[in-house]
Amino acid sequence: WNDWAATSSAPVAFIVEYPIRSITWELDDGGNGHGYELVVVPEGVTWHEASDMALQMGGHLATLTSYEEHNFVFERLANDATLYIDGFWGPLFGAYQDETADDYSEPDGGWRWVTGEPWDWTNWLPGQPDNGDGIESVGQFVIQPPNGDLLGHWNDWAATSSAPVAFIVEYTPPCIGNVNDDFEINISDLLTVIAFWGSDDPIADVNNDGTIDVGDLLLVIANWGPCP
């Protein structure tokens, strides 16, 4: 270290420390066992950049598929006015609009979660989504106008905009035996293992030992039911 003149503008760098904000919705509390983390990017981040970063961190942009999950995450990670740009635009999460979907229409058709989970619960701000300027296709938290209330409502946002300064990552425990990636271990997974019996196809190699056999079958049966 060195002591320096506080009024000097000669230094060309400084270091900022940000607290890590992470939580787990514990099974004992009625949760899903998933972890959630708020990531702050002071210089701004687009939705696609946030999605890529979430994957690199071993998770995905948070999918808030129920009232209970949404409130748990919002109250603990997104209920902070400093995360909302211009007093309005807030953290990004894992909702996007699929323009190739059969139910796609503007402004409220074709919405999906990045994980493929069912899109059957939403918390849009009244009047949203509205596809503002014809370019809004991803989800973010937004402050309730005109009083600036933080109520956890959603807004559709431009995926290419780097104005947001935060996003929320969700970490999902491994769903062992869910070879078909449909969030449930069931007869479909069992039949897939049987179909690849004796081969080394990685799709059905549940225990990753290089051969589809009784070991994989037993893991599917042992983990039967919805993914955690």
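All values below were derived from every heavy atom in this structure, side-chain atoms included, with hydrogens, water molecules and symmetry-related copies excluded.
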Exercise for the section: Mind jotting down which residue pairs meet the disulfide bond (SG atoms under 2.5 Å apart) criterion with at least one end in residues 195-228? Sequence neighbours excluded, please. Expected result: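 Qualifying pairs: Cys175-Cys227.
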
Practice task
In sequence, state the C-alpha distance, the side-chain angles, and the governing distance for Leu217 and Val206, and then conclude on side-chain contact (heavy atoms from CB on, under 4.5 Å).
Solution key: CA-CA 8 Å; Leu217 195 68; Val206 181; over 6 Å; no

Problem - Phe167 ring center within less than 6.0 Å of Phe93 ring center - result: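 Centroid separation for Phe93 and Phe167: 6.0 Å or greater.
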
Problem - Check: Trp157 ring centre within less than 6.0 Å of Trp47 ring centre - result: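 Distance test on ring centres: not under 6.0 Å, no.
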
Consider only side-chain heavy atoms of I, L, V, M, F, W and Y, link residues closer than 4.5 Å, and tell whether [X] and [Y] are in one cluster.
{"X": "Ile221", "Y": "Leu219", "result": "yes"}
{"X": "Leu77", "Y": "Leu151", "result": "no"}
{"X": "Leu55", "Y": "Met57", "result": "no"}

Can you give me every donor-acceptor pair (side chain of residues 190-201, partner residue at least two apart or in another chain, under 3.5 Å) with its distance?
residue: Thr192; atom: OG1; partner: Asn180; partner atom: OD1; Å: 3.2
residue: Thr192; atom: OG1; partner: Asn180; partner atom: ND2; Å: 3.3
residue: Thr192; atom: OG1; partner: Ser188; partner atom: O; Å: 2.9
residue: Ser199; atom: OG; partner: Phe196; partner atom: O; Å: 2.7
residue: Ser199; atom: OG; partner: Asp201; partner atom: N; Å: 3.3
residue: Asp201; atom: OD1; partner: Ile203; partner atom: N; Å: 2.8

What I'd like to find out is whether the side chain of [X] reaches to under 4.5 Å of the side chain of [Y], using heavy atoms alone.
{"X": "Ile135", "Y": "Thr160", "answer": "no"}
{"X": "Trp25", "Y": "Glu69", "answer": "yes"}
{"X": "Glu37", "Y": "Glu170", "answer": "no"}
{"X": "Phe74", "Y": "Phe141", "answer": "yes"}
{"X": "Ile185", "Y": "Asn223", "answer": "yes"}
{"X": "Glu136", "Y": "Pro129", "answer": "no"}
{"X": "Leu150", "Y": "Tyr84", "answer": "yes"}
{"X": "Ile168", "Y": "Val39", "answer": "no"}

Handout entry: Glu26 vs Thr24, side chain to side chain donor-acceptor pair (under 3.5 Å): CA-CA, chis, key distance, verdict
Key = CA-CA 6 Å; Glu26 301 289 354; Thr24 299; 4.5 Å; no

What's the shortest heavy-atom distance between [X] and [Y], and which atoms?
{"X": "Val138", "Y": "Ala159", "value": "CG1-CB, 3.7 Å"}
{"X": "Ile212", "Y": "Asp216", "value": "CA-OD2, 3.1 Å"}
{"X": "Ala54", "Y": "Val169", "value": "CB-CG2, 3.9 Å"}
{"X": "Asn32", "Y": "His34", "value": "OD1-N, 2.8 Å"}
{"X": "Ala101", "Y": "Arg112", "value": "CB-NH2, 3.3 Å"}
{"X": "Asp156", "Y": "Trp124", "value": "N-CZ3, 3.6 Å"}

Once side-chain hydrogen bond (donor to acceptor under 3.5 Å, both in side chains) is applied, do any residues pair with [X], and if so which ones, sequence neighbours excluded?
{"X": "Asn155", "answer": "Gln140"}
{"X": "Trp154", "answer": "His70"}
{"X": "Thr100", "answer": "Asp98"}

Practice task
Please determine, by modelled atom types, if Tyr104 and Glu106 share a side-chain donor-acceptor pair under 3.5 angstrom.
Solution key: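 Looking only at side-chain atoms, Glu106 and Tyr104 do form a donor-acceptor pair, the distance falling under 3.5 Å.
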
Exercise for the section: Check whether the side chains of His60 and Thr172 place a donor and an acceptor atom closer than 3.5 Å, and report yes or no. Expected result: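 Looking only at side-chain atoms, Thr172 and His60 do form a donor-acceptor pair, the distance falling under 3.5 Å.
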
Exercise for the section: Find the distance between OG (Ser162) and CD (Glu43) and round it off to the nearest 0.5 Å. Expected result: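 So the OG of Ser162 and the CD of Glu43 are separated by 9.5 Å.
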
Problem - Pairwise distance OG1(Thr46) to CG(Leu92) - rounded to 0.5 angstrom - result: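 The CG atom of Leu92 is 8.0 Å from OG1 of Thr46, to the nearest 0.5 Å.
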
Practice task
Provide the full list of salt bridge (Lys or Arg N to Asp or Glu O under 4.0 Å) pairs with a residue in residues 73-96, sequence neighbours left out, each pair given once.
Solution key: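 Of all non-adjacent pairs touching residues 73-96, those that pass salt bridge (Lys or Arg N to Asp or Glu O under 4.0 Å) are Arg21-Asp80.
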
Exercise for the section: Using modelled atom types only, decide if a donor and an acceptor are shared between the side chain of Thr63 and the backbone of Thr65 within a distance under 3.5 Å. Expected result: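 No: the side chain of Thr63 does not pair with the backbone of Thr65.
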
Handout entry: side-chain contact (heavy atoms from CB on, under 4.5 Å) between Leu38 and Leu83, worked out
Key = CA-CA 10 Å; Leu38 175 72; Leu83 302 173; 3.7 Å; yes

Exercise for the section: Evaluate side-chain contact (heavy atoms from CB on, under 4.5 Å) for Trp113 paired with Leu64, printing each intermediate quantity in order. Expected result: CA-CA 9 Å; Trp113 293 115; Leu64 310 173; 4.2 Å; yes

